[in-house]
Amino acid sequence: MSATVPLAEPAKQHDCPMGLGLGVPPGAAAVEPKDWQWMYLCFAHRQFGDLPDEELLARGGALCGSEVRDEELIRLLELRCPGLYERNQQIYLAERNAQEVEDKRRLAVANARCPRRKPIGKPVRQVRAAMWVQTGGIQAWEEGYNGLDYTNRFLAKGKGTVHLTWGGNEEGPVCVTGEAYRKRPPQAKGWQRSGEMRFHSPTGVLEFFGDGGNALGDVTVAGAGSYWIRAYVRGVERAPDLAEAEAVREVLIVVFPASAR
């Protein structure tokens, strides 16, 4: 038997927040519990038609124990059905926590499988990280600077920001290696795609990151100033095995001062 709540005062159209640009019911978390039923009635007309409030409450109440998949209807029923919002929140948090545990497991597997490549020269520092990538690229924002809008260019820069984009939307782990040099190193061989650009680092600390996982350690060596950044990628045309977290995609980032010879 569906739980019910006392009948509210009729929700008059001019009392409803339609002028706030709300095209769908607001989340229950954004509404005071005492106003849930009033807000439900405001938006129930969109779902069930121009019916009396008693009928709108009955229509929603009849669905309180049903399995509903429509996102807008779920939000509406969370305002109508006692305890539904709290139960949905518990389910969401449990699923999110389980996903976080699984993401950490897959990254740990990927990190263990990432190859330890021999440097192309004699770097001052070599750093490695397994990153989770959803957007076909990684980026670096120096502290105090914002990200760069998506450009679809292999290498792109903004003030204090660098984006490396190889494209595609295959979610999965990527093995990233960074090498920091004081002198210009030789070109790397055997990579699928590469690019180079000059970049000014306003802070002298440049760390790349993906959509999850570990950030790559700093790849600069001479503090704030101008640098050359080279990027190499391979394996990006292959979809990673998400079940096994096999990091088949590799990225190499090489950074050296612009004044290096």
Side-chain angles (χ1 to χ4, degrees), residues 106-107 109-140 142 148 150-158 161-201 204-211 213-222 225-242 244-261:
R106 293 190 295 187
L107 275 170
V109 172
N111 195 49
R113 294 181 180 180
C114 283
R116 290 185 172 272
R117 300 293 181 189
K118 182 179 179 181
I120 61 174
K122 295 181 179 180
V124 174
R125 181 169 56 256
Q126 185 184 61
V127 288
R128 299 181 182 87
M131 300 181 188
W132 199 262
V133 175
Q134 298 172 319
T135 55
I138 60 176
Q139 54 202 316
E142 298 195 33
L148 183 68
Y150 183 76
T151 65
N152 201 31
R153 295 198 300 270
F154 183 67
L155 270 176
K157 63 183 177 181
T161 66
V162 175
H163 281 208
L164 167 62
T165 304
W166 54 82
N169 57 1
E170 296 289 352
E171 177 183 359
V174 177
C175 295
V176 184
T177 300
E179 295 177 8
Y181 292 86
R182 293 194 187 279
K183 297 182 179 181
R184 180 183 294 270
Q187 289 284 348
K189 297 180 180 180
W191 292 82
Q192 177 184 351
R193 189 177 177 187
S194 65
E196 180 176 296
M197 73 174 183
R198 189 164 177 166
F199 168 75
H200 179 77
S201 172
V205 178
L206 189 67
E207 298 180 336
F208 282 83
F209 58 92
D211 298 302
N214 302 318
L216 192 68
D218 183 26
V219 288
T220 63
V221 295
S226 294
Y227 290 86
W228 283 101
I229 297 178
R230 292 182 193 159
Y232 305 84
V233 299
R234 63 183 165 201
V236 296
E237 77 285 357
R238 293 175 289 177
D241 186 339
L242 298 185
E244 298 297 330
E246 182 181 357
V248 297
R249 297 181 292 181
E250 292 184 69
V251 173
L252 172 62
I253 295 172
V254 176
V255 180
F256 53 93
S259 59
R261 296 182 178 273

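Numbers for residues simply follow the sequence, beginning at 1.
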What are the two closest heavy atoms between Met131 and Ala215, and how far apart are they? CE-C, 4.4 Å

To the nearest 0.5 angstrom, please state how far the CD atom of Glu196 sits from the CD1 atom of Ile229. 10.0 Å

With rounding to the nearest 0.5 Å, note down the distance linking CZ in Phe208 to CD in Gln139. 9.5 Å

Give the minimum heavy-atom separation between Gly121 and Pro186, together with the two atoms involved. CA-CD, 4.4 Å

When rounded to the nearest 0.5 angstrom, what distance separates OG1 in Thr177 from CD in Glu250? 7.0 Å

Carefully, step by step, assess Val174 and Trp166 under the rule side-chain contact (heavy atoms from CB on, under 4.5 Å). CA-CA 12 Å; Val174 177; Trp166 54 82; 4.0 Å; yes

In short, Val219 meets Gly178 closest at the heavy-atom pair CG1-CA, 4.0 Å

Could you tell me if the side chain of Pro123 sits less than 4.5 Å from the side chain of Pro185, heavy atoms only? no

Residues in side-chain contact (heavy atoms from CB on, under 4.5 Å) with Ser194, at least two apart? Tyr232

Contact between Lys183 and Lys122 at the side-chain level, heavy atoms closer than 4.5 Å - yes or no? no

Please enumerate all residues that pass side chain to side chain donor-acceptor pair (under 3.5 Å) together with Arg125, with sequence neighbours excluded. none

Mind checking whether Arg249 and Gln192 have side chains closer than 4.5 Å, heavy atoms only? no

Glu142 CD to Leu206 CG distance, which is reported to the nearest 0.5 Å: 5.5 Å

If you define the side chain from C-beta out and look only at heavy atoms, does anything of Val255 sit under 4.5 Å from Trp228? no

Roughly how far apart are Leu216 CG and Phe209 CZ, rounded to 0.5 Å? 11.5 Å

The criterion is side chain to side chain donor-acceptor pair (under 3.5 Å); which residues satisfy it with Tyr181, sequence neighbours excluded? Glu179

Hey, is the main chain of Glu207 close enough, under 3.5 Å, to the side chain of Asp218 for a donor-acceptor pair? no

Going by salt bridge (charged side-chain N to carboxylate O under 4.0 Å, His left out), name the residues that satisfy it together with Arg184, two or more places apart in sequence or in a different chain. none

Between the side chain of Arg117 and the main-chain N/O of Leu252, is any donor-acceptor distance below 3.5 Å? no

Sequence neighbours excluded, which residues qualify as ring-ring contact (aromatic ring centres under 6.0 Å, His included) partners of Phe199? none

I'd like to check the salt bridge (charged side-chain N to carboxylate O under 4.0 Å, His left out) partners of Arg128; sequence neighbours left out, ordered by chain and number. none

Hey, could you give me the OH/OG distance between Tyr227 and Ser259, rounded to the nearest 0.5 Å? 9.0 Å

Are the side chain of Thr220 and the backbone of Gly204 linked by a donor-acceptor contact shorter than 3.5 Å? yes

